[in-house]
Structures are given as C-alpha cells and as structure tokens.
Amino acid sequence: MQIRKDGEQIKTENSNTTTIMEFVLLGFSDMPNLQWILFGTFLLIYLTILMCNSIIILLTRFDPALQKPMYFFLSNFSFLEICYVTVTIPRMLMDLWTQRGSISLSACATQMCFVLMLGGTECLLLTVMAYDRYVAICNPLHYSLVMNHKVCIQLVVASWISGIPVVIGQTCQIFFLHFCGSNAINHFFCDIPPVLKLACGDTFVNEIAVYVVAVVFIMVPFLLIVVSYSKIISDILKLSSAKGRSKAFSTCSSHLTVVILFYGTATITYLQPKPNQFGRMGKLISLFYTVLIPTLNPVIYTLRNKDIMVALRKLLGKLFT
C-alpha cells in the first residue's frame with residue numbers, strides 16, 4: 001500500500017496501474033481566505049435548519065388545529081429536510097475545519113446513496129403533497145374520506161421506500177467502476193456527476209442510467225405536480241368569491257414555491273448533457289438545493305401559512321408566560 005503526499009491512497013497492481021482507494025473532496029479549497037467565514041456561515045445555517053424544522057414538527061405534532069393531512073405531510077417533509085442536510089453539511093463543516101477532504105470509497109458511496117435516496121424521497125413527497133392539495137380543493141366533499149390517516153401513512157411510507165432499491169443499485173453500479181488517475185472530486189459532497197468524471201473507461205451506460213433514474217424520480221413526479229396544479233388553478237378560478245380564491249391560492253402557494261425551487265435546481269444538476277460539464281457553477285447549483293432551499297423551506301411554509309403562525313404564537317406565548 002502506498003500513500004501519496006496529496007492524500008491519495010492507492011493500491012499498486014502488477015500491471016503498473018493504480019486503483020484509487022480514497023477520494024479528496026476539494027469543496028471550497030479554491031477560496032482559502034474564506035474557509036473560517038464559510039465554516040461559521042454553514043454552521044449557523046445548519047443549526048437554523050435543525051431548529052426551524054424541529055419547531056414545525058413539534059407544532060404539527062401537538063397543536064390540535066394542525067391535525068390535518070396537509071400538516072402531517074409537512075411534518076414528514078421537515079423531518080426529511082433535517083436528514084437531507086445532515087448527510088452533507090456536517091461533512092462539509094469537518095472538511096472546512098480540518099482543511100482536508102479525504103474520504104474513503106465506502107464513505108463516499110454511502111453519502112451518495114443517502115443523498116440520492118433522500119432527494120428521491122423529497123421528489124415523491126412533494127408529489128404527494130400536491131395530490132393532497134388537489135383533493136382538498138377539487139374534491140372537498142370527499143377529502144376526509146380519500147385522505148384518511150391510513151392512506152396518508154401509506155403515501156408517506158411509499159415515498160420513503162420506493163427509491164431505495166433503485167438508488168442502491170445505481171450507487172453500486174457507479175462504484176463498481178474503475179477509478180484511476182486523479183482522486184480529486186471537485187465538489188463538497190459525493191455526487192454523481194463529479195464522481196463519474198473520475199472513472200476510467202467508458203461510462204456511457206452509467207450516464208444513461210443516471211438520465212433514466214432522473215426522469216423517473218424528477219420529471220415524472222414534476223409532471224404529476226404540474227397536472228395537479230393545472231386542475232387546482234382551473235377550479236380556483238371558477239370560484240365566485242374573491243376571498244375563496246385568495247384562501248385557496250394561499251394554501252398552495254408555499255408548496256408551489258418549494259416545488260419550483262427544488263425541481264429547477266435538481267433538473268439542471270442531473271439532466272445535463274454530460275457529467276463532465278460540472279465545475280464551479282455545478283457546485284453553486286448543488287449548494288442551492290442542498291443548503292439554501294432547506295433553509296428557506298421553513299420560512300416559506302410558516303410565513304405563508306396562517307394556521308402555523310397562530311400555532312407558533314401560541315407556543316411562544318406559553319414559553320414566555
């Protein structure tokens with residue numbers, strides 16, 4: 001076994017080729033003067049995400065006014081966001097703190113698997129939330145029957161487990177590739193495009209697999225959401241009461257905002273023409289949907305939702321009195 005000065009751990013083989021045994025996440029090493037500022041910023045963002053989403057989970061769990069399917073899905077979404085950022089931000093903080101970035105192949109594969117799994121779950125859960133709004137607005141008389149507690153649990157469980165076999169299979173397919181030459185991943189976490197860039201040989205099959213999975217877990221759910229909201233908007237516009245239209249729009253606007261932000265950045269990342277077209281702009285886009293959007297989501301859902309604001313005021317009132 002041999003260790004290079006740059007931290008690349010390799011195994012020497014008889015054919016004078018080398019197999020990479022660990023990667024180095026470059027992260028934000030191209031901005032050495034900003035390392036501690038970035039560390040403090042990301043730490044603050046991470047703690048904010050944990051606190052805000054935990055408050056939403058607490059409110060939707062214990063406030064009687066929030067015992068509705070819409071808030072049941074929102075609490076699951078908040079828990080998902082906590083898991084999602086925990087897969088990437090703590091690792092990024094450690095790399096900023098130690099000024100290193102070495103990560104073993106197994107750790108890299110594990111991180112990639114969880115990022116993809118949680119990202120796929122978010123796509124499906126956003127689709128479920130759109131379906132919930134569709135039933136509530138377009139079929140209100142049967143809402144309690146269609147979206148009963150058993151159905152809600154089944155939809156959430158399906159969102160969490162549907163993508164697991166596909167994600168595990170795709171991760172194994174990628175890490176069964178031979179990696180040689182450079183071991184530097186130009187990213188702050190192990191994502192598919194920058195990792196594929198380091199693979200030796202032909203990665204055409206892997207690229208096609210990425211596109212297929214992206215279409216199934218990004219484009220298909222997005223099209224279902226578009227269809228749901230097309231029907232929702234059509235029915236809202238038919239309402240004679242301006243107050244009714246305003247209330248209906250307010251219940252959907254938060255979710256629609258999150259959908260546009262998340263799907264927009266995810267589509268740019270995973271449906272690019274080639275995985276090697278991934279540099280500083282790719283890191284910026286990934287930073288947007290792995291850090292910035294989870295930070296904005298609690299704000300979007302609380303500030304634009306009167307029920308949650310009322311529940312939050314009641315909670316703060318109890319704490320301060």
Side-chain angles (χ1 to χ4, degrees), residues 44-89 118-137 143 147 149 152-153 155-156 159-160 221-222 224-226 228-229 232-233 236 245-266 287-319:
L44 180 61
I45 288 174
Y46 182 57
L47 295 176
T48 301
I49 292 172
L50 293 183
M51 182 184 69
C52 292
N53 282 289
S54 297
I55 289 173
I56 290 177
I57 294 172
L58 184 67
L59 291 176
T60 54
R61 176 67 180 83
F62 294 106
D63 194 289
L66 302 181
Q67 304 307 305
K68 302 174 184 177
M70 174 182 176
Y71 300 111
F72 173 73
F73 295 132
L74 179 58
S75 66
N76 277 274
F77 186 75
S78 295
F79 176 69
L80 173 65
E81 292 289 66
I82 291 174
C83 296
Y84 193 53
V85 297
T86 301
V87 174
T88 55
I89 296 183
L118 295 171
T121 300
E122 184 157 346
C123 291
L124 297 176
L125 194 54
L126 286 171
T127 308
V128 168
M129 294 168 76
Y131 175 68
D132 171 69
R133 291 299 82 209
Y134 165 76
V135 177
I137 293 173
Y143 179 66
M147 301 300 294
H149 188 61
C152 292
I153 292 176
L155 289 172
V156 167
S159 298
W160 277 91
F222 180 71
L224 292 174
I225 292 173
V226 169
S228 297
Y229 273 103
I232 288 171
I233 293 171
I236 289 175
R245 288 196 297 269
S246 176
K247 184 178 180 181
F249 272 122
S250 67
T251 62
C252 300
S253 58
S254 300
H255 179 254
L256 195 55
T257 302
V258 172
V259 166
I260 293 171
L261 290 173
F262 179 77
Y263 275 97
T265 51
L287 196 64
F288 195 83
Y289 74 82
T290 57
V291 177
L292 183 59
I293 294 178
T295 308
L296 294 175
N297 284 347
V299 178
I300 293 171
Y301 276 112
T302 53
L303 293 182
R304 300 184 66 85
N305 191 296
K306 293 181 180 179
D307 291 339
I308 291 183
M309 290 302 294
V310 170
L312 183 59
R313 290 192 192 100
K314 287 197 296 184
L315 176 64
L316 293 175
K318 290 179 182 179
L319 291 176

If I take atom CD1 from residue Ile49 and atom OG1 from residue Thr86, how far apart are they, to the nearest 0.5 angstrom?
8.5 Å
Output the distance between atom CG (Asp132) and atom CD1 (Ile137), rounded to the nearest 0.5 Å.
9.0 Å
Indicate yes or no: at least one non-hydrogen side-chain atom of Tyr84 is less than 4.5 angstrom from one of Tyr289.
yes
Which pair of heavy atoms, one from Leu124 and one from Ser159, lies closest together, and at what distance?
CD1-O, 3.7 Å
Can you confirm whether Tyr301 is buried at OH, in the sense that more than 12 heavy atoms of other residues, nucleotides or ligands lie under 6.0 Å from that atom?
yes
Which atoms form the tightest heavy-atom contact between Thr127 and Pro221, and what is the distance?
OG1-CB, 3.1 Å
If I take atom CG from residue Leu296 and atom CD from residue Glu81, how far apart are they, to the nearest 0.5 angstrom?
10.5 Å
Tightest non-hydrogen contact, residues Leu66 and Leu59, listed as CD1-O, 3.6 Å
Side chain proximity check, Leu74 to Asn305, heavy atoms < 4.5 angstrom
no
So, Tyr71 versus Asp63: side-chain donor-acceptor pair below 3.5 Å or not?
no
So, do Leu155 and Met147 sit near enough that their side-chain heavy atoms are less than 4.5 Å apart?
yes
Using 0.5 Å steps for rounding, measure from the CZ atom of Arg133 to the OG atom of Ser254.
10.5 Å
Could you state the interatomic distance from OH (Tyr229) to NE2 (His255), rounded to the nearest 0.5 Å?
4.5 Å
Can you find a pair of side-chain heavy atoms, one from Leu80 and one from Leu118, that are under 4.5 Å apart?
yes
Above 12 or not: heavy atoms from other molecules or residues under 6.0 Å from NZ of Lys314?
yes
Would you call the rings of Phe222 and Tyr263 parallel, tilted or perpendicular, taking 30° and 60° as the class edges?
tilted
Please report the shortest heavy-atom distance between Asn76 and Leu125, naming the atom on each side.
C-CD2, 4.0 Å
Go through the steps for Cys52 and Val299 under the test side chain to side chain contact (heavy atoms under 4.5 Å, CB included), then give the verdict.
CA-CA 8 Å; Cys52 292; Val299 178; 5.8 Å; no
In short, Gly119 meets Phe262 closest at the heavy-atom pair O-CZ, 3.9 Å
To the nearest 0.5 Å, atom OG1 of Thr121 lies from atom CG of Leu126 at 10.5 Å
Do Val85 and Val291 come close enough that some side-chain heavy atom pair is under 4.5 Å?
no
Please work out which of the three classes, parallel, tilted or perpendicular, describes the rings of Phe79 and Trp160, given edges at 30° and 60°.
tilted
Heavy-atom closest pair, residues Tyr134 and Ser228
CD1-O, 4.1 Å
Positive for side chain to side chain contact (heavy atoms under 4.5 Å, CB included) with Phe77, one of Asn297, Thr60, Val128, Ile56:
Asn297
Going by heavy atoms in the side chains, are Lys68 and Asp307 under 4.5 Å from each other?
yes
